[in-house]
Amino acid sequence: MNPSRRARRLLMQGGAALIAAPSLLRHARAADVPRFALGIASGQPHASGMVLWTRLTGAGLPERVPVHWELARDEGFADVVAQGDEHAEAGWSHSVHAEPAGLAPGRWYWYRFRALGQQSPVGRTRTAPAPDAAATLNFVITSCQRWDVGHYAAWRHVAQEQLDVVMFLGDYIYEYASKAGAVRQVEGGERVHTLDQYRARYATHKSDPALQAAHACAPWLLVWDDHEVDNDYANLQGQDLQPDFPAQRAAAYRAYWEHMPFPKSARPVGPDMRIVSRLDWGTLARIHLLDDRQYRDVQVCPKSGRGGSNTVTLKNCPEFMDEKRTLLGMEQEGWLADGWDLKRPWNLLAQQTLMARFSWTDPADGGGTYWTDGWDGYAPSRDRLLGTLVQRKVPGVVVLGGDVHSNYVADLKADFDDARSTVVASEFCGTSITSLSLPQSRIDAARAFNPHVRYGRGDQRGYMRFALDAKQLQMQVRVVDALDPASGVTTAARFTVDAATPGAVPS
Ligand SMILES: [Fe+2]
């Protein structure tokens, strides 16, 4: 069937509302323009629903386009249990955020969209188990998918992992222009800072079929980091102290919401968007999702004349230890402290970066040397968080992170300088999909100063794959060659954590 006849037939199936609009018919006849070129996604699963996402693409889209969605209990859509209509609006980049409700807990569904005579690819998604139901949880964590330094082989393998949830922990895009000779080029020739530029950058990333497959395989839980806006930004301060940074953050957050499966209630207002949330996965785990960018104090001891990060010695920067400093903002610190689950065996803390203390020099010499953008730059904030875990005897805390483009497994301790200090939580900071790290020799040298770090590899790209039940967590370090789009995947290491005993053990 030729494209225009096929489009007309699909349109006929689409109902009277579509057929009645001649302008839409005209667009629909241009059915060779792909309208779902960025794929589909689902996210924010809970026990009775989730968010279904797509964004219409191609030239000549009307201001407002009706989009029909359906959700079925089977892949063939014989048993459709929910459907509805949304409007994709030009002002929100023709994105769609549908929110089916009243679904059965703890089961799989399939979903698709229809608009302008075309049908989207089909995605697979699920609800969370009922809060009182026994459950297991299979998931990956990963982050940092810089387009121009590698290929998305890791996503092809994530899509095959039989997961309940994909956790993406920040740097979905990078705002930089590509250098000459890059592995592949991003669009545009300058550093992204306007709404149209951010939108184009998301479209570039989302054009990748392997990433689309990973979105289609399971619902995602997402937090952002800095590169969705600007390298090393802090609160309302950009790295270059640019005076218009609040407008830049507003544009960046808007484009983020437009391209991610967040609910309508999270739609940003100006430069504000709430991504902080919490999810109970049956009786197994409570998952806390944090935002360490929007509410933080600015970094201590920056390089002269600019904002952003630095690497400095504690003795030269006593501000490090200012008790008032916070990475999460005091309100979010309080929200987290009040929301630890004392009954479920596991508390998973999905956030942006490495929490374990990581000194680049011997702490015996002047207190050590630290990167100011991570938790080390906000040590009093970390002390309060870990102190609460000890005080309230919070069970099964597993801190999950990204940002540093390296795989780290660490013991989080009440006192990192005391080898006998109690281990209060287990940390898995996962590597990047593509983004590059430091030479391995530097990480190896620094590990001598940080014995609580059990594993540290900057030369691995990929993801960490977790299998969680009420007694044990099992983690595999899954590694690809990001320079080879056809790369296979290997398991480079395995660790386990017993629910009753914090700290990861090689297995
Ligand atoms: Fe990154």
Side-chain angles (χ1 to χ4, degrees), residues 140-155 158 166-179 182-184 186 191-192 198 201-202 204-206 208 211 214 220-234 238-239 249 252-253 255-256 259-260 275 289-294 296 299 307-311 327 350-356 358 371-377 399-408 427-440 442-443 456-464 477 479-480 482-483:
V140 297
I141 63 166
T142 190
S143 57
C144 299
Q145 50 170 346
R146 185 164 172 170
W147 178 267
D148 50 11
V149 297
H151 297 283
Y152 288 175
W155 285 130
V158 166
V166 172
M167 291 191 203
F168 189 82
L169 303 180
D171 291 353
Y172 194 98
I173 61 165
Y174 280 72
E175 78 281 22
Y176 304 124
S178 292
K179 296 193 174 94
V183 174
R184 47 185 183 170
V186 287
R191 197 164 169 170
V192 168
Y198 283 115
R201 188 57 54 91
Y202 280 102
T204 296
H205 287 71
K206 283 183 160 284
D208 191 288
L211 175 58
W220 283 36
L221 292 169
L222 289 130
V223 297
W224 55 32
D225 195 21
D226 54 340
H227 289 286
E228 284 87 351
V229 182
D230 186 47
N231 182 49
D232 283 354
Y233 86 91
Q239 181 186 232
R249 196 176 95 173
Y253 283 7
Y256 182 80
H259 292 84
M260 298 297 149
I275 63 165
L289 294 136
L290 302 189
D291 179 352
D292 85 1
R293 283 285 155 197
Q294 189 171 190
R296 64 161 68 192
Q299 296 90 344
S309 69
N310 202 353
T311 301
L327 184 63
Q351 50 86 56
Q352 285 78 8
T353 192
L354 182 70
M355 188 176 284
F358 198 86
W371 184 50
T372 60
D373 193 61
W375 281 97
D376 281 328
V399 174
L400 306 168
D403 181 36
V404 289
H405 310 169
S406 304
N407 281 313
Y408 288 110
E427 174 164 34
F428 298 93
C429 187
T431 195
S432 57
I433 293 288
T434 53
S435 305
L436 305 173
S437 182
L438 306 162
Q440 183 60 29
R442 284 196 57 197
I443 292 173
R457 290 291 293 265
D459 54 350
Q460 295 169 337
R461 308 280 77 80
Y463 52 93
M464 288 179 171
V477 173
V479 175
V480 300
L483 294 179

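In what follows, residues are counted from 1 in the order of the sequence shown. Numbering of ligands and ligand atoms starts at 1, following listing order.
By the criterion of a separation under 2.8 Å, the protein N/O/S atoms near the Fe ion (ligand 1) amount to Cys144 SG, Asp171 OD2, Tyr174 OH, His405 NE2.
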Side chain to side chain contact (heavy atoms under 4.5 Å, CB included) between Trp224 and Ile275, worked out:
CA-CA 8 Å; Trp224 55 32; Ile275 63 165; 3.4 Å; yes
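Using a cut-off of 4.0 Å between Lys/Arg side-chain N and Asp/Glu carboxylate O, Asp373 and Arg296 are scored as salt-bridged. Here Arg191 pairs with Asp230 in a salt bridge; the nearest charged N to carboxylate O distance falls below 4.0 Å.
The closest side-chain donor-acceptor pair between Thr431 and Arg461 falls under 3.5 angstrom.
In this structure, Arg293 fails the cation-pi test against Tyr253, since its NZ or CZ atom is not both closer than 6.0 Å to the six-membered ring centre and inside 45 degrees of the ring normal.
Remark: Ser406 pairs with Tyr408, Ser437, Ile443 by the side chain to side chain contact (heavy atoms under 4.5 Å, CB included) rule, at least two apart or across chains.
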